[in-house]
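What's counted below: heavy atoms across the whole structure, side chains too, no hydrogens, waters or symmetry copies. This one's a predicted model, so the numbers in the text were calculated from it and none came from an experiment.
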Amino acid sequence: MVKLGEKIKELRIEKGLTQMQLAKLIGSSQKAIDYWERSVNEPKASYIVALVKVFGISFDEFFENTVI
């Protein structure tokens, strides 16, 4: 099991995106992405929807083997 933040970072890197690029794609800030990846905060549901779309995966795949 991985933390949600680790999963976001892993998927972002797989897509070849920087934190800033991902932030622009989902309408967030780079600082928010950094906080999510370090498990300081968790993304709101609206950002999770955007992340799933950017990563091109289902919600099931996004939360698979993930600790919230």
Side-chain angles (χ1 to χ4, degrees):
M1 300 292 266
V2 297
K3 291 183 178 180
L4 183 60
E6 293 169 355
K7 182 77 168 235
I8 293 169
K9 184 175 183 176
E10 175 185 303
L11 291 167
R12 175 181 62 78
I13 291 170
E14 282 179 15
K15 283 287 186 183
L17 298 169
T18 65
Q19 288 182 344
M20 183 61 77
Q21 290 169 325
L22 179 57
K24 286 182 180 180
L25 287 171
I26 67 168
S28 181
S29 68
Q30 181 273 325
K31 186 175 224 171
I33 304 294
D34 178 56
Y35 281 6
W36 299 341
E37 289 184 358
R38 292 188 297 125
S39 298
V40 174
N41 291 332
E42 293 180 354
K44 293 181 191 178
S46 60
Y47 288 122
I48 290 174
V49 170
L51 288 167
V52 167
K53 287 180 183 177
V54 167
F55 296 143
I57 60 175
S58 69
F59 288 102
D60 288 342
E61 290 171 300
F62 185 74
F63 289 109
E64 184 176 56
N65 298 320
T66 304
V67 177
I68 300 175

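Residues satisfying the side chain to side chain donor-acceptor pair (under 3.5 Å) test with Thr18, not counting sequence neighbours, are Gln21. Glu61 is linked by a side chain to side chain donor-acceptor pair (under 3.5 Å) to Ser58, counting only residues two or more places apart in sequence or in another chain. Under the rule for a side chain to side chain donor-acceptor pair (under 3.5 Å), Asn41 has no partner lying at least two apart in sequence or in another chain. Qualifying ring pair (Phe, Tyr, Trp, His ring centres under 6.0 Å) partners for Tyr47, counting only residues two or more places apart in sequence or in other chains: Trp36.
With rounding to the nearest 0.5 angstrom, the CD1 atom of Ile68 is 11.5 Å from the OG atom of Ser39. Atom CD in Gln19 sits 4.5 Å away from atom CD in Gln30 (nearest 0.5 Å). For the atom pair CD1 (Ile57) and CD (Glu64), the distance works out to 9.5 Å, reported to the nearest 0.5 Å.
Between Leu51 and Ile26 the shortest side-chain heavy-atom distance falls below 4.5 Å. Leu22 has its side chain within reach of Phe55: a pair of non-hydrogen atoms, C-beta onward, lies under 4.5 Å apart. For the pair Leu4/Pro43, a side-chain contact is recorded, criterion being any heavy-atom separation below 4.5 Å from C-beta on. Counting heavy atoms from C-beta on, the side chains of Asn65 and Val2 never come closer than 4.5 Å.
Applying the salt bridge (charged side-chain N to carboxylate O under 4.0 Å, His left out) test to every pair with at least one member in residues 8-27, sequence neighbours left out, gives these pairs: Arg12-Glu37.
Grouped by direct or indirect side-chain proximity (heavy atoms under 4.5 Å, Ile/Leu/Val/Met/Phe/Trp/Tyr only), Ile13 sits alone.
If you chain together hydrophobic residues whose side chains sit under 4.5 Å apart, Ile8 and Val40 never meet in one group. Note on Val67 and Leu11: separate hydrophobic clusters, where clusters join Ile, Leu, Val, Met, Phe, Trp and Tyr whose side-chain heavy atoms are under 4.5 Å apart, directly or indirectly. Criterion: ILVMFWY side-chain heavy atoms under 4.5 Å apart, direct or through other members. Under it, Phe62 and Met1 are not part of a common hydrophobic cluster.
Shown here is Tyr35, whose OH atom has no more than 12 heavy atoms of other residues, nucleotides or ligands within 6.0 Å.
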